Structures are given as structure tokens and as C-alpha cells.
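Keep in mind that this is a model prediction, so the values were computed, not measured. Residue numbering restarts at 1 for every chain, and letters A, B, ... go by the order of the sequence lines.
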Amino acid sequence: MSSRLRIAPSPTGAMHVGTARTALFNWLYARHTGGTFIVRIDDTDEDRNEPRFEADILEGLRWLGLEWDEGVETGGPHGSYRQSDRYSRYAAAAEELVLAGKAYPCFCTPGELEERRREAEAAGRPPGYDGRCRNIDPAGAAARREAGEAAAIRFAMSRPGQTVFTDLIRGEITVDHDHVDDFVLLRSDGRPTYHLASTVDDVDYEISHVARGEDLLPSTPRHIRLTLALGGSVPTYAHIPLIHGPDGKRLSKRHGARGVTEYRDAGYLPDAIINYLSLLGWSPGGDVTVFSMADSIARFDLADVQKNPAVFDQAKLDWMNGEYIRALPVGEFMRRAHPYLEDGLGKSLRPEEWERFEAMAGLVQERTRLLAEVADQVRFLFEDDLQPTPEAAKLLSDPATASLLAAVVTALADVVDWNHEQLETTLRGLLENLGLSARKGLQPIRAAVTGSLVSPPLFESMAVLGRDATLTRLKAVAARPG
RNA sequence: GGCCCCGUCGUCCAGUGGCCUAGGACGCCGGCCUUUCAAGCCGGAAACGCGGGUUCGAAUCCCGUCGGGGCUGCCA
């Protein structure tokens with residue numbers, strides 16, 4: 001039987017890198033094994049769900065190229081793929097378990113439970129549910145519910161007992177049921193909990209492999225026992241280590257972690273993010289760092305995933321993004337940079353402006369790590385009112401700069417063909433006559449022409465800017481008194 | 001506290017008893033190239049948490065210890 005994997009995000013927040021990596025590993029394993037990748041929405045937390053988060057997550061998955069074969073929006077043979085559409089199914093499953101004696105109504109109120117939990121903790125006892133309602137006889141319990149008394153449904157864990165299972169990543173894991181309380185299946189208002197909905201869905205959708213975050217490892221015995229009670233076959237589990245922030249704690253917004261769509265907006269390439277995320281807990285083996293999705297599909301195996309958590313390293317992601325940007329054909333680089341450029345410039349480019357960008361694109365591409373950086377590199381080509389950087393302004397106010405630029409203006413008057421070769425020949429000749437090094441002599445010119453001490457190569461920049469604009473900028477500084 | 005998981009350079013990854021004088025990548029430091037910045041090239045510092053075993057031989061196997069993380073909800 002072929003593999004069926006799912007990712008089941010809860011729309012309670014934007015898609016973060018942890019979710020993205022879990023999705024990636026599920027997707028890779030499904031593709032590697034020729035199986036099916038499913039996207040399900042686990043939206044049983046009605047207090048925190050927001051439609052915009054679901055949209056963000058699906059958008060992020062698509063942007064990353066993690067297309068799903070079955071699931072929300074795409075559809076499939078199993079109905080809705082959104083848990084909020086399946087509440088009646090979960091309630092029915094819970095009631096069946098009650099009838100079968102595998103679950104029972106619990107009349108304890110949240111307030112009572114909270115109080116007992118506090119007492120237990122104060123007394124040093126385990127804080128989990130003590131199971132008292134399990135002793136109520138079924139007929140009596142049914143009568144009380146019939147009479148309208150609110151009850152949650154709890155799963156009756158077998159006691160004594162233990163659950164042993166083999167995690168694909170961690171090997172054999174044993175948990176004694178003494179440490180697993182009778183957890184809630186159905187809330188007293190009839191809504192399912194995550195445990196119930198997720199497990200019922202995994203059974204109904206015939207999920208073969210559950211690859212999810214390590215935070216769910218302690219819940220796995222519950223899911224296994226519930227699956228068995230439901231008459232389903234237990235999937236193979238693989239618990240992926242969490243991604244940590246620099247402080248060693250689970251990565252979160254506190255660490256400045258951004259959502260996937262925010263990375264997109266900052267100018268990261270999906271392939272770079274995929275490559276980077278693949279390396280968090282896995283590698284294709286050997287010394288390779290940069291590799292394609294096809295390589296990953298060919299080699300990926302959940303069993304090879306690292307056991308220990310990985311720290312998210314923004315600097316390495318940035319480096320990798322630069323690698324992917326430089327690997328782009330220049331035309332593709334331009335196409336991808338286009339929206340970021342116009343956004344950064346705050347205007348859309350006219351055809352002749354686009355040609356100017358085209359003339360510089362190769363040089364810009366080499367020094368771009370994030371697409372959103374492109375605008376600042378070429379801003380001087382599209383704006384006349386340059387705001388010099390403080391460093392540039394300082395150099396421009398130097399009296400020596402004014403006299404140098406005056407000489408530059410004079411020398412440039414003789415340039416017939418305004419191209420970078422001619423400009424280079426002319427300016428190098430001038431600097432030689434003046435006894436100035438290129439390092440010394442060119443920075444003032446760069447400051448005047450680009451408004452910055454850091455720019456793409458100067459001669460090309462001047463060539464693309466054009467004779468008139470270049471001379472105007474040089475003269476403006478040369479004319480200063482002093 | 002209890003339960004579970006984990007432990008190779010600062011970080012990510014390679015390593016599955018001898019090929020390890022522990023390799024690659026990011027970052028860092030130094031140098032080269034150079035019109036600035038990048039890119040590129042060369043070089044450097046930098047790790048098997050600790051202690052016991054097992055073995056002719058341990059980063060690799062076992063035990064302990066210490067450290068870190070997760071869970072401990074009518075959240076997921």
C-alpha cells in the first residue's frame with residue numbers, strides 16, 4: 001500500500017518555519033515514496049482560529065512549491081479536510097466509544113478540575129485528571145446526561161498498561177499509562193478536542209505515516225490507543241525535532257522569527273528556503289550543502305532525520321539566498337526583482353527606466369542577497385534628488401572633493417562615446433595626471449554620482465546614468481564654494 | 001516535581017568500531033584580488049559535555065552523571 005502523509009496546521013497563527021519544515025519533510029517523504037501528500041486544516045480551536053491564517057498557510061505552502069494531492073481546496077475522496085465541517089463525525093465516534101465502554105462521560109466542571117490540579121501540584125501529586133467519573137455506572141451517567149447535565153467525554157486509558165511503539169526517527173519508545181490521564185475527547189459543548197479530531201481523521205483518511213513535531217511525542221500513546229479503540233490501524237510515527245532560537249528555546253516570534261510569507265516579501269527565494277529548511281535536521285549525506293529539490297526527493301527518508309533540535313541561523317539562510325540569486329539567469333533575476341524594485345522605488349518603471357535597470361542587472365545580481373535590497377542599489381538611476389548617506393555627505397563637503405570634481409567635469413567634456421570603457425580610460429588618465437590612486441580619486445566621484453560610498457561599479461553606473469545626469473551631479477558638487 | 005526525548009566546532013550538517021591528525025557549510029579572523037561594496041580565491045582559530053565500562057581498537061556500543069528541550073489544559 002502506498003504511503004499517505006498529511007500536514008494538519010491549525011489556523012491560529014501565520015505559517016512559521018517550523019510548520020514549513022514539517023510540511024516539507026512530509027512532502028518529501030510522500031514524493032520519495034510515490035505516496036500522497038494531504039493538507040488538512042485542524043481548526044477545532046474556535047477561539048483562536050482566523051480565516052486569514054488559513055489563507056496565509058495555504059499561500060505559504062504553494063509559494064514554497066509544496067503542492068498537495070488531496071486536502072482543503074484541492075478536494076479528494078474523503079470529503080471536507082477541514083475539521084470544523086466534521087464535528088458530527090467526531091461526536092458520533094465519541095458516543096460509539098462510550099457505548100463500547102472505551103470512553104465515559106465526565107461531569108467535572110472546568111473550575112473543579114482547575115482547583116484539583118492546583119491542589120495536586122501543591123501536594124506534589126501528578127496534576128492529571130484523577131479519573132473519578134470513570135467509576136460512575138454507565139446507566140446512571142446516561143441518565144444524568146439525558147436530564148441535561150453537561151458532560152465531557154473522556155477516553156478510558158487501559159490501566160494498568162503501557163504503550164510501546166517504534167518511532168521512525170527515535171526508535172522504540174515506551175510510555176506507562178500511569179503517566180497518561182483519561183484525556184477529553186469531546187468537550188462538554190459537544191466540540192471535539194484535537195486528540196479526537198486528529199485521530200479520527202488520520203483513521204478515516206487512511207494516513208500511513210504521521211510525521212510531526214516532537215512536541216506531540218508525549219501525546220502519541222493517546223493517539224495510538226484511540227486509534228485502536230476506533231478500530232483503525234496505527235500509522236507509523238516520526239517525531240521531528242523542533243527548531244530552536246539562538247537561546248535554545250523553541251523558535252517563536254520572540255526570536256524575531258518571521259512567517260513564511262514575510263520571508264517571501266523580504267525577497268527570499270522559495271528554493272533557497274526549501275534548501276535551508278531541508279538542512280535543519282537532515283542532509284542528503286556527505287558534504288553537500290546546496291542541492292535541489294529533486295536531489296532531496298531522491299534521497300529523503302524520515303529515518304535519516306536528526307534526533308536533536310536545530311537552531312535557526314538567519315545568517316546562513318541569507319547566504320544561501322544569495323547563492324540562489326546568483327545562480328539565476330540574469331533575465332530571471334530581473335523578472336523576480338521587478339516587483340521588489342518598484343515597491344522599493346515607490347513607482348512603476350517606464351520602459352526606458354527598465355532598460356537602465358537591465359543594463360545594470362548583472363552587476364546588481366552579484367551583490368544581492370535579498371531581492372528587497374535591489375532598489376537601494378540602483379536608486380540613484382531613478383531619482384534625481386539624491387539624499388547622500390552621512391559618509392558620502394562628509395566626503396562631498398571636503399574642499400578637495402570640489403576641486404577634484406571640477407577637474408573631472410572638464411575631463412569628461414572630451415568623452416565622445418559615453419560608455420564605461422571610455423569613462424574608465426578618461427578618468428584613470430585624469431587621476432594619473434593628478435597623482436591620485438584609484439581608491440582615493442574614485443570615491444568622491446562615486447559619492448557625487450550615486451550619493452553613496454557603496455555602489456555598483458562606478459564606470460558602468462555613470463554610463464547607464466547617462467552624460468547629462470552624471471555631469472549635472474558632478475557640477476553641483478564642483479560648484480560649491482571652497 | 002513527574003514523564004518522555006536529546007547531547008560532534010558559536011550555528012547547521014558528515015561520521016553508524018579501525019579510512020578521524022574528526023570532514024564540509026555559515027559565521028568569525030587574516031591575506032589575495034580590487035574603483036567602493038559584493039562575489040571569488042588562499043589561509044586560520046574553533047567540537048565528539050563529563051566519568052566509568054565493553055573491545056586489540058570507540059565520536060561511533062553499554063551504564064552513570066551533568067546539561068538542554070518537550071509534555072504535564074474541556075490549546076494544538
Enumerate donor-acceptor pairs with a distance under 3.5 Å from any side-chain N or O in residues 234-241 of chain A to protein atoms, sequence neighbours excluded.
residue: A:H239; atom: ND1; partner: A:D167; partner atom: OD2; Å: 2.7
residue: A:H239; atom: NE2; partner: A:R212; partner atom: NH1; Å: 3.2
residue: A:H239; atom: NE2; partner: A:T220; partner atom: OG1; Å: 3.0

Sub-3.5 Å pairs of nitrogen or oxygen atoms, protein against nucleotides 58-62 of chain B:
none

| field | Those residues that, when tested against A:E114, pass side chain to side chain contact (heavy atoms under 4.5 Å, CB included) (two or more places apart) | value |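 If we apply the side chain to side chain contact (heavy atoms under 4.5 Å, CB included) test to A:E114, skipping adjacent residues, the hits are A:R117, A:R118.
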
| request: Taking side chain to side chain contact (heavy atoms under 4.5 Å, CB included) as the test, write out the residues that go with A:K253, two or more places apart. | output: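 Per chain and number, A:K253 pairs via side chain to side chain contact (heavy atoms under 4.5 Å, CB included) with no residue.
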
| said: Against the six-membered ring of A:Y104, is A:R154 placed for a cation-pi contact (under 6.0 Å from the centre, within 45° of the normal)? | reply: no

Between [X] ([atom1]) and [N] ([atom2]), how many Å, whole number?
{"X": "A:I243", "N": "B:C12", "atom1": "CD1", "atom2": "P", "result": "11 Å"}
{"X": "A:F291", "N": "B:C12", "atom1": "CZ", "atom2": "P", "result": "15 Å"}
{"X": "A:Y276", "N": "B:G27", "atom1": "OH", "atom2": "P", "result": "12 Å"}
{"X": "A:D247", "N": "B:G68", "atom1": "CG", "atom2": "P", "result": "13 Å"}
{"X": "A:D318", "N": "B:A25", "atom1": "CG", "atom2": "C1'", "result": "15 Å"}
{"X": "A:N275", "N": "B:C12", "atom1": "CG", "atom2": "P", "result": "17 Å"}
{"X": "A:D313", "N": "B:C26", "atom1": "CG", "atom2": "P", "result": "11 Å"}
{"X": "A:L317", "N": "B:G27", "atom1": "CG", "atom2": "C1'", "result": "14 Å"}

Under a 3.5 Å cut-off for both distances, is [N] Watson-Crick or wobble paired, and to whom?
{"N": "B:U21", "answer": "none"}
{"N": "B:U16", "answer": "none"}
{"N": "B:U60", "answer": "none"}
{"N": "B:U34", "answer": "none"}
{"N": "B:A47", "answer": "none"}
{"N": "B:U54", "answer": "none"}
{"N": "B:C3", "answer": "B:G70"}

| query | Can you find a side chain N or O atom of A:K249 that sits less than 4.0 Å from OP1 or OP2 on B:G68? | reply | no

How is [X] classified with respect to the nucleic acid when contacts are heavy atoms under 4.0 Å: base, sugar-phosphate, or nothing?
{"X": "A:F459", "answer": "base"}
{"X": "A:G124", "answer": "nothing"}
{"X": "A:G441", "answer": "nothing"}

| query | Which residues satisfy the ring pair (Phe, Tyr, Trp, His ring centres under 6.0 Å) test with A:F183, sequence neighbours excluded? | reply |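 Expected list: A:F155, A:H195.
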
| remark: Those residues at least two apart in sequence (or on a different chain) that pass ring pair (Phe, Tyr, Trp, His ring centres under 6.0 Å) with A:H209 are A:Y29

| query | For the side chain to side chain donor-acceptor pair (under 3.5 Å) test, which of A:D181, A:T227, A:D182 pairs with A:R222? | reply | A:D181

| Does the ring center of A:Y81 lie less than 6.0 Å from the ring center of A:Y205? | yes

| request: Establish, yes or no, whether a centroid distance under 6.0 Å links the rings of A:H223 and A:Y194. | output: yes

| salt bridge (Lys or Arg N to Asp or Glu O under 4.0 Å) involving A:R187 - partner list, sequence neighbours excluded |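 Partners of A:R187 by the salt bridge (Lys or Arg N to Asp or Glu O under 4.0 Å) criterion come out as none, since no residue qualifies.
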
| message | Applying salt bridge (Lys or Arg N to Asp or Glu O under 4.0 Å), can you list everything that pairs with A:D176, at least two apart in sequence or on another chain? | response |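 Here no residue qualifies.
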
When the [atom1] atoms of [N] and [M] are considered, how many whole Å apart are they?
{"N": "B:A59", "M": "B:C19", "atom1": "C1'", "value": "15 Å"}
{"N": "B:G23", "M": "B:U16", "atom1": "C1'", "value": "16 Å"}
{"N": "B:G10", "M": "B:G49", "atom1": "C1'", "value": "15 Å"}
{"N": "B:A14", "M": "B:G73", "atom1": "C1'", "value": "41 Å"}
{"N": "B:C50", "M": "B:G7", "atom1": "P", "value": "15 Å"}
{"N": "B:C9", "M": "B:C48", "atom1": "C1'", "value": "10 Å"}
{"N": "B:G70", "M": "B:A47", "atom1": "C1'", "value": "25 Å"}
{"N": "B:A22", "M": "B:U60", "atom1": "C1'", "value": "12 Å"}

| request: Would you mind listing every side-chain hydrogen bond (donor to acceptor under 3.5 Å, both in side chains) that reaches into residues 269-283 of chain A, with sequence neighbours excluded? | output: A:N275-A:Y324

| request: Can you check each nucleotide of nucleotides 71-76 of chain B against protein heavy atoms at under 4.0 Å and return B for base, S for sugar-phosphate only, - for none, in 5' to 3' order? | output: SSSBBB

Identify all pairs in which a protein N or O lies below 3.5 Å from an N or O of nucleotides 37-44 of chain B, and state each distance.
residue: B:C37; atom: O2; partner: A:R367; partner atom: NH1; Å: 3.0
residue: B:C37; atom: N3; partner: A:R367; partner atom: NH1; Å: 2.3
residue: B:C37; atom: N4; partner: A:R367; partner atom: NH1; Å: 3.4
residue: B:A38; atom: O2'; partner: A:E366; partner atom: O; Å: 3.4

| A:R428 vs A:F312, nearer the 5' end of RNA chain B by closest nucleotide |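 Looking at the nearest nucleotide for each, A:F312 comes out on the 5' side.
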
| query | What's the shortest heavy-atom distance between A:N321 and A:L370, and which atoms? | reply | ND2-CD2, 3.8 Å

Does either side chain, that of [X] or that of [Y], offer a donor lying less than 3.5 Å from an acceptor on the other one?
{"X": "A:H255", "Y": "A:D247", "result": "yes"}
{"X": "A:D42", "Y": "A:S10", "result": "no"}
{"X": "A:Q83", "Y": "A:R86", "result": "no"}

Close N/O contacts between protein and nucleotides 5-9 of chain B (under 3.5 Å):
residue: B:C5; atom: O2'; partner: A:R170; partner atom: NH1; Å: 2.5
residue: B:C5; atom: O2'; partner: A:E214; partner atom: OE2; Å: 3.0
residue: B:U8; atom: OP2; partner: A:N308; partner atom: ND2; Å: 3.4

